[in-house]
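Before any comments, here is the structure.
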Amino acid sequence: MTILIESDEHKALREAVASFAKGRSGTADNKTLWREAAKLGYIGVNLPEEYGGGGGGIAELSLVLEELGTAGCPLLMMIVSPAICGTVIARFGTDAQKREWLPALADGSRLMAFGITEPDAGSNSHRITTTARRDEASGDWLLTGRKVFVSGVDIADATLIVGRTEDSRTGSLKPCLFIVPRDAPGFTRRPIDMELQVVEKQFELVLDDVRLPADALVGDEDAGLLQLFAGLNPERIMTAAFAIGMGRYALGKAIAYARERTVWKTPIGAHQAIAHPLAQAHIDLELARLMMQKAAQLYDAGDDAGAGEAANMAKYAAGEACVKAVDQSVHTLGGNGLTREFGLASLITASRVARIAPVSREMILNYVSHQTLGLPKSY
């Protein structure tokens, strides 16, 4: 049974994170913020207690990210390191992989990036061409391929790479996940020159016969989509949290401005032309949050199919709500909305990310069309 009213524990966690993050926007560097958040147990709140985590789930982790974003200091790598990689290793990793990685991911001392997107594959994961083949003599794996738009590779200790076993080239998707250390021979990275300026950089990766030991494979070689979506559903939920936090941050700035900015002896927030769009933005963000909470609860309850549908819807709703909230906030401030002083102009570009990544809104509409509504596929 999915309950959408927050528990007292979740309310307390939300208040604690908000208090921790208050006033840190634009002042704390991400390394320090990450370290301090990890010390308080926020980074690993979703990971198993036996490995140093908080024993919670994606519901708790998404709450943390949302509140950090609302305070203006989101940590993008929370989507990648504890949510995607930590979840996959916790669910499918070997005992040795869990012992090596989960305590370090939980306490923030190590980071892991995630590589799935390729130059010629995009949203079509069936066209992934990064291949893994066995060296029969040694039992090692050899990975060859390219990845693009991989976040934080320069600060990550390893990257969880999605590849395909060679025999899957016949057409059936058979993804496998491998832990690739940052210093592995043949594993190189090139920064992508992004117009969007954020702390976490984007990279193109090249894997040129990267040799990995047999135990670099996470989980079962034949588990395929189950393991992959164990990471992708949390990614969508966390992206929703990222977007909702950003939208709330922008809206908070606009509300404060509308209360104080006075023209013709009346605060501009008293005018419905200003007040109503802000109210609509708030409603949209609240609705997106409800779907995000539903998706997180379904995922944490082990309902992967239900969580997949809800996670896609949550990501779509949050992306749309974020863009609208940011745009309306900028317009509320007028010219001030484009100044560095108020810190909203950069969000005009940043807010679009949740519409595009990790999957476009059009692909989500495709998913809902044929998976939920039963309509025929167009591709």
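Quick note: residue numbers are just sequence positions, from 1.
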Which pair of heavy atoms, one from [X] and one from [Y], lies closest together, and at what distance?
| X | Y | answer |
| --- | --- | --- |
| L347 | A250 | CD1-CB, 4.2 Å |
| R182 | D154 | NH1-O, 3.0 Å |
| G319 | A243 | N-CB, 4.3 Å |
| K98 | G93 | CE-O, 3.3 Å |
| Y51 | A106 | O-CB, 4.2 Å |

Can you list, pair by pair, the side-chain donor-acceptor contacts under 3.5 Å of residues 269-292, counting residues two or more places apart and other chains?
residue	atom	partner	partner atom	Å
R289	NE	E66	OE2	3.0
R289	NH2	E66	OE2	2.9

Contacts of type side chain to side chain contact (heavy atoms under 4.5 Å, CB included), residue Y316, not counting sequence neighbours: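 Result, side chain to side chain contact (heavy atoms under 4.5 Å, CB included) vs Y316: E320, R361, I364, L365.
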L33 vs R24, test: side chain to side chain contact (heavy atoms under 4.5 Å, CB included). Steps then yes/no. CA-CA 9 Å; L33 183 63; R24 291 175 181 265; 3.7 Å; yes
Hey, any chance [X] and [Y] share a hydrophobic cluster, counting ILVMFWY side chains that come within less than 4.5 Å of each other, even indirectly?
| X | Y | result |
| --- | --- | --- |
| M78 | V45 | yes |
| L13 | L65 | yes |
| I161 | W101 | no |
| I155 | L105 | yes |
| M238 | L228 | yes |

Is there a side chain to side chain contact (heavy atoms under 4.5 Å, CB included) between L177 and Q227 once you walk through the steps? CA-CA 8 Å; L177 294 95; Q227 292 175 175; 3.8 Å; yes
Kindly state whether the ring of F20 and the ring of Y42 have centres lying under 6.0 angstrom apart.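 Ring centroids of F20 and Y42 are less than 6.0 Å from each other.
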Would you say Q202 and S151 are linked by a side-chain donor-acceptor pair, where the criterion is simply a distance under 3.5 Å?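 Side-chain D/A pair, S151 to Q202: present.
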Check whether the side chains of N30 and E200 place a donor and an acceptor atom closer than 3.5 Å, and report yes or no.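 Side chains of N30 and E200: pair found under 3.5 Å.
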Does the ring of W141 carry R133 above it, NZ/CZ under 6.0 angstrom from centre and within 45° of its axis?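 No.
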Ring pair (Phe, Tyr, Trp, His ring centres under 6.0 Å) contacts in which one or both residues fall within residues 328-369, not counting sequence neighbours: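 Counting only pairs at least two positions apart or across chains, the ring pair (Phe, Tyr, Trp, His ring centres under 6.0 Å) contacts touching residues 328-369 are Y257-F342.
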Step by step, work out the side chain to side chain contact (heavy atoms under 4.5 Å, CB included) result for L251 and V326. CA-CA 7 Å; L251 200 57; V326 168; over 6 Å; no
How many angstroms lie between CG in L207 and CG in L205, if you round to the nearest 0.5 Å?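 The CG atom of L207 sits 6.5 Å away from the CG atom of L205.
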Reported CG-to-OG1 distance for the pair D209 and T144, which is rounded to 0.5 angstrom: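 Rounded to the nearest 0.5 Å, the CG-OG1 separation comes out at 4.0 Å.
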Could you go through the side chain to side chain contact (heavy atoms under 4.5 Å, CB included) check for F187 and L143 one step at a time? CA-CA 9 Å; F187 183 49; L143 263 66; over 6 Å; no
